[in-house]
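Working notes for the structure below.
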Amino acid sequence: PTEKKITIGDVTYERDSWTNITPKVLEHLGRNLHLQQYHPLAFLKRRIENFFYKNYPGRSRSPLFTLFDNLNPVVTTEQNFDSLLVPADHVSRAKSDCYYLNENYLLRAHTSSHQVELIRMGMNNFLVVGDVYRRDEIDKSHYPVFHQMEGVRLLTKHDIFRNENLATELPIFDPNGLRTAEKQETHTLDAVYILTKSLKTCLNELCQELFGKDVEIRWVEAYFPFTHPSWEIEVKFQGEWLEILGCGIMEQKLLVNAGADDKIGWAFGLGLERIAMKLYGIPDIRLFWSVDSGFLHQFQVDDPYTPITYKAVSQYPQCINDISFWLPADGTFTSSDFYDLVRSIGGDMVEQVSLVDEFHHLKKSRWSHCYRIVYRHMQKTLSQEEANKIHKLIEEAATRDLRVEIR
Ligand code: PHE
């Protein structure tokens, strides 16, 4: 029986055809792992914060960057998409990708949602840390909730061309410019070069701070609707390239809309779990949510710079069950609906779900999917019977709620 309304804190949200949030996902709101005293995500957050405080001292001893780590994860579609110039038909808005409370509200899919409101408030240099929510596959590195840290730095003409003479001679805006691979139409190439250099220096040093002086770093061209040019940064960790953040020169239109039309700026967003898993050797993303002392005890240190390598308490065995079904003929089925259903019923006992086979039956004119579900408890051995029980419940719920036909 689904309640008519969803209540979060003291606000209620009406359900509508967009609503796809599950009670299981809502349970994660307010856990605030990044604000815990002893938690790997909180340690990493503090290390990055300190990096910015140390490298960007402001006037009169107060740091240049302001930190926002307690903003409401419930945001409007305006904040999450429109304010960031995400086109109305962009794939990232799909119901299959985000957790919507209703047509107008969703759980933020990235910390970029707060860029415009903070710039409008008058902030020029700020960091945002928080939980973000995305519907995704299920495996050791994906979870419907993870944490991001956003950084924004806005500069005036005088900040860009420190030397007073240059600032009067060289413009940062070009009223007749063209958009190219290197720059936006309204920017001058001079300004973009200097801004890009400031961004690269900052993030290269941040990567060195986290992964060590000798870390190999590569900048890969990327696309985001709210930056141009844009890049993703990858670092080499134990022989593998690891994508850790997205960044770029902020779209001028966004700054104009936010009331900062005399400035130009850069922004980045990084995923904390990705990095923390590598730095602390945490093998499974579910562990961050553990309330078990076997996990938490290993992070009971006061200094966030203490090197810690997680030691698996013990690896309990897996139980693997497959589920095969015919999809409903009306085309309404999506894999992410199934993943959420598995999460809702199996909770953290599910380690991984993967689509192992799909085929189209010509005569029946229907699709069949087979998913492999790997069950493994983090704190005890699951018997095959216990796994079978959950598996059965998943079959029943899929038949009832997603109208599939078990084969
Ligand atoms: N919000 C982007 C993401 O979640 C990352 C990003 C932030 C990219 C800021 C550019 C600038 O993937």
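All ligand and atom numbering here is 1-based and tracks the order in the structure.
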With the threshold set at 4.0 Å, does a side-chain nitrogen-carboxylate oxygen contact exist between [X] and [Y]?
X	Y	value
D97	R135	no
R134	D136	no
R93	D82	yes

Next on the checklist: When you compare the side chains of Y38 and H297, does any donor N or O come within less than 3.5 Å of an acceptor on the partner?
Outcome noted: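 Not at all, the side chains of Y38 and H297 share no donor-acceptor pair under 3.5 Å.
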
Checklist entry - Is there a donor-acceptor contact under 3.5 Å linking the side chains of H369 and E358? => result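 Yes, a side-chain donor-acceptor pair sits under 3.5 Å.
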
Next on the checklist: Is the distance from the ring center of Y56 to that of F65 below 6.0 Å?
Outcome noted: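 They qualify: ring centres under 6.0 Å apart.
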
What are the polar N/O contacts of ligand 1 with the protein below 3.5 Å, with distances?
residue: ligand 1; atom: 1 (N); partner: H110; partner atom: ND1; Å: 3.0
residue: ligand 1; atom: 1 (N); partner: S112; partner atom: OG; Å: 2.8
residue: ligand 1; atom: 4 (O); partner: R134; partner atom: NH2; Å: 2.9
residue: ligand 1; atom: 4 (O); partner: Q148; partner atom: NE2; Å: 3.0

